[in-house]
**Student:** 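Here you go, one structure.
In listed order, ligands and their atoms are each counted from 1. Note that the structure is predicted; figures quoted are calculated from it, not measured.
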Amino acid sequence: MPEAVNVKNIGLRGVTVADTKISFIDGEKGVLIYRGYRIEDLAEHSSFMEVAFLLLNGILPGKEGLKGMEEQVTDAREVPDYVFKSMKHLPKGARPMDVLQAAVPALAIGDPDIGEETREANFRMALRLIARIPAVVAGWHRIRQGLDPQPADPSLSHAANFLWQLHGKRPDPEMASDLDVCLILHADHTFNASTFACREVVSTRAHMYAGVAAGIGALSGSLHGGANAEVMKMLLELESEKDIAGWVRGKIDRGERIMGMGHAVYKTMDPRARFLKDMASRLGIKTGQSRWHELSTKVEQAGLKEFSGRGKSNIQPNVDFYSAPVYHMMGIPRDLMTPIFAISRVAGWCSHIIEEKFAEAQEKPALYRPQAEYVGQYCGLVGCEYNPPEARN
Ligand SMILES: CC(C)(COP(=O)(O)OP(=O)(O)OC[C@H]1O[C@@H](n2cnc3c(N)ncnc32)[C@H](O)[C@@H]1OP(=O)(O)O)[C@@H](O)C(=O)NCCC(=O)NCCS
């Protein structure tokens, strides 16, 4: 038994809990690397399918390997009918992240590989999850509007097909390509809360779907993936605000958070935010909605000035800050912004699940089992005296 280390009540900040070969962050320098490759190079030259292959396999695919991956994911897009049927019974006001989280065990039930614990079976399940999560998100958006889910179009790329299944019309190719870049940027991020949740769950030998469902739950929180929807809420609230600097100052004075700013690991601007900021500017011009980029920039500048005045110049925009205006300009409803994060992050989650299950970065698998210090009522090892309800005061 290793010696106990006391790292309690700090949310495991700075505590290394495992080895991983999947991604790396230099938080001081603002560098993110997937399997050795810089995020900037991948975002500029790669595709989400190629990145998913890279994360899952550890190497970039050759031409045939990429084609095979694309074909397998395209072929797996169809969501079993019983899943959509059950979604049709849900209240139309259900939150998309809750629906998505509920759909994952439903998908597990029909997966022919469930219960088979080989790497190959887990790889096939990963491809099905990557293929079907977008279809569930798009399907729910249609179901809640009283429409039928839109069947997938095998001629379309992953991102383009999602927009097609969501809106039921051919997506603009440039917009689909921008969405593909967003998916690359969100695909993995070392031991963030949702990935850690996935890994912790499968360390018990639970199956991949159980891990992914936990990941979706963790991602939904506003301090994690839920932040993009909160950023959009803030931007909509600020649309007619004249005094942005005063608004930002007031919020920080009240001890509230400026959503989309700050990061547990980055102490400089998140490299993904830099990319998304340029995209927001370009999309603003393309769609005639430059006001969102301008407004976000004003909030960013006011935030940076305010934080630096308080000795917190390390609080800078994170990935969610500019992804919100980007998705908004793509016509994506606010409550689908976090599900889009999940559409991308599922590639990272599944890669980490496989790494955890098959101990690909450590000697052997290890069940996560941290300790907590008991600080509650204590009457010694004999226990407190138990009295029946009528004898308690
Ligand atoms: C992401 C986040 C939780 C990381 O925080 P962290 O670096 O681990 O540090 P803490 O949450 O402990 O915050 C440290 C201090 O900075 C402040 N702070 C951090 N981010 C802030 C923000 N966005 N707005 C206002 N204050 C912030 C905290 O209030 C805290 O102040 P205190 O020391 O006076 O109590 C935090 O920056 C945050 O809440 N950001 C907004 C939500 C968000 O965008 N999440 C998506 C992350 S990708």
**Student:** Mark the output for Asp320 as yes if a heavy-atom distance to ligand 1 is under 4.0 Å, and as no if none is.
**Tutor:** yes
**Student:** Does a salt bridge link Arg310 with Asp253, judged by any charged N lying under 4.0 Å from a carboxylate O?
**Tutor:** yes
**Student:** Do Glu71 and Lys67 sit within salt-bridge range, that is, some charged N less than 4.0 Å from a carboxylate O?
**Tutor:** yes
**Student:** Between Arg95 and Asp335, is there a donor-acceptor pair closer than 3.5 Å when you use the side chain of the first and the backbone of the second?
**Tutor:** no
**Student:** Using heavy atoms and a threshold below 4.0 Å, how should the contact between Lys267 and ligand 1 be classified: side chain, backbone, both, or neither?
**Tutor:** side chain
**Student:** Run the ring pair (Phe, Tyr, Trp, His ring centres under 6.0 Å) test against His207 and tell me which residues pass, sequence neighbours left out.
**Tutor:** none
**Student:** Please classify the His224 to ligand 1 contact at 4.0 Å (heavy-atom distances, strictly less than): side chain, backbone, both or neither.
**Tutor:** backbone
**Student:** Does ligand 1 have an atom that lies less than 4.0 angstrom from a heavy atom of Lys251?
**Tutor:** no
**Student:** Could an N or O of ligand 1 be found under 3.5 Å from any N or O of Ile258, whether backbone or side chain?
**Tutor:** yes
**Student:** Would you call Phe307 a ligand 1 contact, heavy-atom distance under 4.0 Å?
**Tutor:** yes
**Student:** With sequence neighbours left out, what residues match Phe162 under ring pair (Phe, Tyr, Trp, His ring centres under 6.0 Å)?
**Tutor:** none
**Student:** Starting from atom 11 (O) of ligand 1, what is the nearest protein heavy atom, named by residue and atom, and what distance separates them?
**Tutor:** Arg257 NH1, 2.8 Å
**Student:** Mind listing the closest non-hydrogen atom pair of Thr190 and Ile25 along with its distance?
**Tutor:** OG1-CD1, 3.6 Å
**Student:** Would you say Glu256 contacts ligand 1, with heavy atoms under 4.0 Å as the rule?
**Tutor:** yes
**Student:** Please determine whether a side-chain nitrogen of the Lys or Arg among Glu174 and Arg282 lies less than 4.0 Å from a carboxylate oxygen of the Asp or Glu.
**Tutor:** yes
**Student:** Going by a strict under-4.0 Å cutoff (protein heavy atoms only), does atom 14 (C) of ligand 1 have a neighbour on the protein?
**Tutor:** no
**Student:** Regarding Asn228 and Thr338, is there a side-chain donor-to-acceptor distance under 3.5 Å anywhere?
**Tutor:** yes
**Student:** Strictly less than 4.0 Å: does any protein heavy-atom distance to atom 9 (O) of ligand 1 fall in that range?
**Tutor:** no
**Student:** Can you tell me which portion of Leu223 lies within the under-4.0 Å heavy-atom range of ligand 1? Options are side chain, backbone, both, or neither.
**Tutor:** both
**Student:** Between Glu300 and Lys277, is the closest basic N to carboxylate O distance under 4.0 Å?
**Tutor:** yes
**Student:** Are any of the N/O atoms in Ala227 less than 3.5 Å from those in ligand 1?
**Tutor:** no
**Student:** Under a 4.0 angstrom heavy-atom cut-off, which atoms of ligand 1 come close to Gly262?
**Tutor:** 1 (C), 37 (O)
**Student:** With a 4.0 Å cut-off on N to O distance, would you call Glu360 and Arg119 a salt bridge?
**Tutor:** yes
**Student:** For atom 23 (N) of ligand 1, decide whether some protein heavy-atom distance is shorter than 4.0 Å.
**Tutor:** yes
**Student:** Please list, in number order, the atoms of ligand 1 under 4.0 Å from a heavy atom of Arg13.
**Tutor:** 6 (P), 8 (O)
**Student:** Note the single closest protein heavy atom to atom 34 (O) of ligand 1, along with its residue, its atom name and the distance in Å.
**Tutor:** Lys312 NZ, 3.1 Å
